[in-house]
Amino acid sequence: MKHYTSIYDIENLQQCIADAKALKKDPYAFDDLGKHKTLVMLFFNSSLRTRLSTEKAAKHLGMDVMVLNIDNAWNLEFEDGTIMNLDTSEHIKEAAQVISQYADIIAVRAFPTLKDKDKDESELILSSFKSYATVPIVNMESSTAHPLQALADAITISELTEVKKPKVVLSWAPHPKALPQAVANSFVKMMQQLDIEFEITHPEGYELNPEIVKDSKVNYNQNEALKHADFVYVKNWSSYSDYGKILTEDADWMMTKAKLGDAKFMHCLPVRRNVVVEDAVLDSAQSVVIEQANNRTYAAQIVLKNILENL
Ligand code: CP
């Protein structure tokens with residue numbers, strides 16, 4: 001693996017999931033692989049899980065880790081040919097090359113604007129790092145994708161499924177803030193790679209990018225979609241067609257114990273209790289969100305391991 005910016009950078013998904021599960025049993029098995037190698041993590045946005053699990057993963061492999069919240073650095077310019085006489089102080093062309101001298105791998109978190117669809121879809125920040133850095137780039141959630149989360153989710157389903165071909169449902173939930181489609185996008189792409197039954201349910205107007213959804217089943221009736229589900233992945237996202245807008249906060253879409261049935265409840269976290277999902281679900285044994293977050297470490301570790309092996 002050269003970079004990890006999309007789940008499609010994984011060459012053999014089943015092998016990758018198996019390797020991640022093996023690392024989970026023996027996290028320090030390759031603790032020399034990253035010796036004298038440095039991971040630099042750049043955060044344009046907040047994080048709890050991604051920040052800590054990726055650092056832990058790197059340390060399991062013996063890497064040094066440096067973290068920079070971009071708020072504390074110079075304001076970066078990403079547009080080419082700009083006359084930089086306003087707020088930006090340093091161009092990505094210099095910054096990415098400079099950081100590459102300090103890093104063997106650069107990991108970047110940069111959320112979308114949710115205002116300018118074309119700009120968000122161009123993945124300007126992530127693709128600029130990929131263009132100008134001279135070391136591999138890892139996506140820690142970009143405008144349109146969260147591939148480390150999706151890999152952790154696939155590991156979790158693989159570990160916890162009680163049937164050969166589980167039914168997995170991605171169910172939209174209400175939220176008071178406009179959130180990106182990134183988690184849902186990568187989850188859909190990942191589920192399309194697995195031998196499962198997959199269904200997406202959301203209110204009309206919340207259709208994800210059709211180029212991502214492809215022929216995955218979409219059902220506007222949540223109760224129908226949830227029938228016979230083994231895993232229910234709940235997530236809010238803002239409208240893609242009416243880009244970045246909240247079209248409804250209909251509380252009827254909140255996940256409840258009654259709607260969940262016997263399924264396992266998944267969410268990437270952080271989650272707003274009693275808005276996205278009721279307490280009774282999160283506090284029940286059916287919730288696997290803590291194990292999902294645990295698997296973020298082994299998803300990141302298998303990605304870093306694969307990149308280190310190809311340096
Ligand atoms: N799920 C996830 O990416 O969590 P953080 O935003 O806290 O990193």
Side-chain angles (χ1 to χ4, degrees), residues 3-7 9 38-58 65-80 82 84 86-152 175 177-186 235-238 240 243-244 268-270 293 296 299-300 303-304 307:
H3 301 278
Y4 188 62
T5 56
S6 151
I7 71 143
D9 290 323
T38 301
L39 171 70
V40 169
M41 298 201 291
L42 304 175
F43 286 93
F44 289 79
N45 309 95
S46 307
S47 169
L48 187 155
R49 279 144 289 275
T50 306
R51 183 174 185 148
L52 296 178
S53 63
T54 309
E55 178 161 351
K56 186 174 159 86
V65 179
M66 295 195 284
V67 182
L68 181 63
N69 293 332
I70 288 289
D71 276 0
N72 298 332
W74 302 109
N75 243 357
L76 289 177
E77 177 62 55
F78 290 89
E79 302 292 344
D80 222 4
T82 318
M84 287 171 54
L86 294 173
D87 294 338
T88 54
S89 309
E90 178 162 16
H91 202 279
I92 183 64
K93 288 184 184 179
E94 285 77 51
Q97 291 180 76
V98 168
I99 297 165
S100 298
Q101 296 177 117
Y102 312 142
D104 297 279
I105 301 173
I106 299 173
V108 181
R109 165 165 282 201
F111 290 172
T113 63
L114 291 181
K115 292 183 172 67
D116 185 336
K117 189 180 200 172
D118 290 340
K119 187 174 178 185
D120 290 346
E121 297 212 307
S122 78
E123 292 283 14
L124 182 63
I125 296 179
L126 192 72
S127 59
S128 297
F129 274 101
K130 214 170 159 182
S131 296
Y132 300 119
T134 55
V135 299
I137 300 298
V138 172
N139 181 350
M140 295 194 296
E141 189 171 345
S142 63
S143 296
T144 66
H146 197 356
L148 285 174
Q149 180 67 54
L151 180 53
H175 199 283
K177 283 180 69 180
L179 297 187
Q181 296 99 25
V183 169
N185 287 343
S186 290
K235 184 71 185 88
N236 167 269
W237 59 87
S238 56
Y240 177 74
Y243 192 63
C268 60
L269 301 181
R296 290 295 308 275
V303 164
L304 294 174
I307 292 173

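As the structure is a computational prediction, the values presented were derived from the model and not from experiment.
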ask   = Is there a donor-acceptor contact under 3.5 Å from the side chain of N75 to the main chain of D87?
value =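 Indeed, once roles are kept as given, a pair shorter than 3.5 Å links the two residues.
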Tell me, do [X] and [Y] make a side-chain contact under 4.5 Å, heavy atoms counted?
| X | Y | answer |
| --- | --- | --- |
| D80 | K93 | yes |
| Y243 | L114 | yes |
| V108 | S142 | no |
| F78 | Y132 | no |
| V135 | D104 | no |
| T50 | E141 | no |
| T88 | T82 | no |
| T38 | Y102 | no |

query = Any side-chain donor-acceptor pair under 3.5 Å between Q149 and S186?
reply =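 The criterion, which ignores hydrogens and geometry beyond distance, is not satisfied for S186 and Q149.
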message = I'd like to know if the side chain of T113 pairs up with that of D116 as donor and acceptor (distance under 3.5 Å, no hydrogens or angles considered).
response = no
task = Tell me, with the steps shown, if S238 and Q181 meet side-chain contact (heavy atoms from CB on, under 4.5 Å).
result = CA-CA 7 Å; S238 56; Q181 296 99 25; 3.4 Å; yes
request  = Taking all heavy atoms of I99 and all of F129, pick out the closest pair and write down the distance.
outcome  =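 Closest heavy-atom pair between I99 and F129: CD1-CE2, 4.2 Å.
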query = Hey, mind stepping through E77 and L86 against side-chain contact (heavy atoms from CB on, under 4.5 Å) and telling me if it holds?
reply = CA-CA 10 Å; E77 177 62 55; L86 294 173; over 6 Å; no
inquiry  = Show, in sequence, the C-alpha distance, side-chain angles and deciding distance for K177 and N236, and conclude whether the side-chain contact (heavy atoms from CB on, under 4.5 Å) test is met.
reply    = CA-CA 9 Å; K177 283 180 69 180; N236 167 269; over 6 Å; no
task = Would you please name every residue forming a salt bridge (charged side-chain N to carboxylate O under 4.0 Å, His left out) with E55, sequence neighbours left out?
result = K59
Derivation and outcome, side-chain contact (heavy atoms from CB on, under 4.5 Å), residues Q101 and T134 = CA-CA 8 Å; Q101 296 177 117; T134 55; over 6 Å; no
message = Tell me every residue that passes side-chain contact (heavy atoms from CB on, under 4.5 Å) with S53, counting only those two or more places apart in sequence or in another chain.
response = R296, T297
